[in-house]
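Reading through the structure tokens given below for one structure.
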Amino acid sequence: MTKLERLESTTLQSHNLTHSRLKLLASMAQSSEDHISRLGMAISISIGEINPDWKPTQLDLENGVLMECGPKHIRGKTLFKEEIPIWMALVLRNQNPDTYEQWRAVLKAHWERGVENLANHALSEGDWIRTIRAILQVE
């Protein structure tokens, strides 16, 4: 099985904090956690290289806002759809993961960093449209 096939069939598991953010953002955007996940990953990849060991951290504005929940499990086919080669090509613009494990770690880190970035803007802006506008102007 190739790296591409393995990534399509993998399941990524987020930190609890990321899942809480996904719930908040999906509610704010009136969309699904899967759509927010893809948007977040795209935003993170556009920022540039990421350490595969990247971990989310609590934001000051999140105190009392987020609900407690377990980790988010998302299948590769759900997150990447049929576009895994495109996601991989975008990552390769800034870094060069080699093994399946490295690819998996980098993509997971981008997913969670992007969700954190979205949450930071959303909590500051308080509105989904303003959040997207702020991200497009900053990034």
Side-chain angles (χ1 to χ4, degrees):
M1 186 181 288
T2 67
K3 287 178 206 169
L4 187 127
E5 291 168 330
R6 289 182 72 190
L7 288 169
E8 285 178 336
S9 64
T10 195
T11 298
L12 299 177
Q13 178 178 316
S14 76
H15 291 85
N16 297 355
L17 183 55
T18 298
H19 194 189
S20 296
R21 290 171 174 159
L22 282 168
K23 288 186 174 303
L24 173 74
L25 294 166
S27 174
M28 182 183 276
Q30 298 179 5
S31 188
S32 73
E33 292 176 18
D34 300 342
H35 290 144
I36 302 300
S37 292
R38 281 191 289 282
L39 178 60
M41 198 165 64
I43 289 166
S44 178
I45 291 171
S46 75
I47 293 169
E49 185 173 355
I50 191 164
N51 181 332
D53 296 325
W54 187 93
K55 305 278 187 270
T57 56
Q58 185 84 31
L59 302 170
D60 291 337
L61 294 172
E62 288 177 319
N63 292 330
V65 175
L66 298 178
M67 65 184 77
E68 289 291 321
C69 60
K72 167 80 174 177
H73 294 86
I74 191 166
R75 295 179 60 217
K77 289 181 183 183
T78 302
L79 182 60
F80 308 122
K81 296 293 183 190
E82 296 175 4
E83 301 163 344
I84 188 69
I86 294 169
W87 290 107
M88 292 173 80
L90 291 170
V91 167
L92 286 170
R93 295 183 70 207
N94 296 305
Q95 61 196 107
N96 193 20
D98 185 37
T99 66
Y100 162 76
E101 291 78 16
Q102 290 171 350
W103 272 105
R104 194 171 182 283
V106 165
L107 290 167
K108 178 183 181 285
H110 275 302
W111 170 40
E112 294 200 278
R113 179 174 75 176
V115 171
E116 183 170 291
N117 189 297
L118 274 170
N120 187 38
H121 283 290
L123 292 167
S124 295
E125 299 296 332
D127 171 275
W128 186 248
I129 300 299
R130 288 187 198 115
T131 297
I132 297 302
R133 184 180 306 134
I135 287 171
L136 292 175
Q137 290 174 356
V138 173
E139 311 309 342

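When a residue number appears, it is its place in the shown sequence, counting from 1.
- Residue-environment remark: CD (Gln58) exceeds the threshold of 12 foreign heavy atoms within 6.0 Å.
- Taken together through direct or relayed side-chain contacts under 4.5 Å among Ile, Leu, Val, Met, Phe, Trp and Tyr, Leu90 and Leu92 form part of one hydrophobic cluster.
- Counting only residues at least two apart or in different chains, salt bridge (Lys or Arg N to Asp or Glu O under 4.0 Å) contacts with residues 100-121 comprise Arg21-Glu116, Lys108-Glu112.
- Of the possible polar contacts, none joining the His19 side chain to the Cys69 backbone as a donor-acceptor pair under 3.5 Å is found.
- Counting only heavy atoms from C-beta outward, the side chains of Asn117 and Ile135 approach each other to under 4.5 Å.
- Sequence neighbours left out, the pairs with a member in residues 71-84 that pass side chain to side chain donor-acceptor pair (under 3.5 Å) are Gln13-His73, Glu33-Lys72.
- Residues meeting the side chain to side chain donor-acceptor pair (under 3.5 Å) test with Ser31, sequence neighbours left out: His35.
- Judged purely by atom type and a 3.5 angstrom limit, Glu62 uses its side chain to pair as donor or acceptor with the backbone of Leu59.
- Under the salt bridge (Lys or Arg N to Asp or Glu O under 4.0 Å) criterion, Asp98 pairs with Lys3, not counting sequence neighbours.
- Partners of Met88 by side chain to side chain contact (heavy atoms under 4.5 Å, CB included), not counting sequence neighbours, listed by chain and number: Leu4, Leu7, Ile84, Trp103.
- Counting only residues at least two apart or in different chains, salt bridge (Lys or Arg N to Asp or Glu O under 4.0 Å) contacts with residues 47-56 are absent.
- For the side chain to side chain contact (heavy atoms under 4.5 Å, CB included) test, residues two or more places apart in sequence or in another chain that qualify with Met1 are Glu5, Arg6, Ser9.
- Considering only residues two or more places apart in sequence or on other chains, Ser124 meets the side chain to side chain contact (heavy atoms under 4.5 Å, CB included) condition with Leu61, Asn120.
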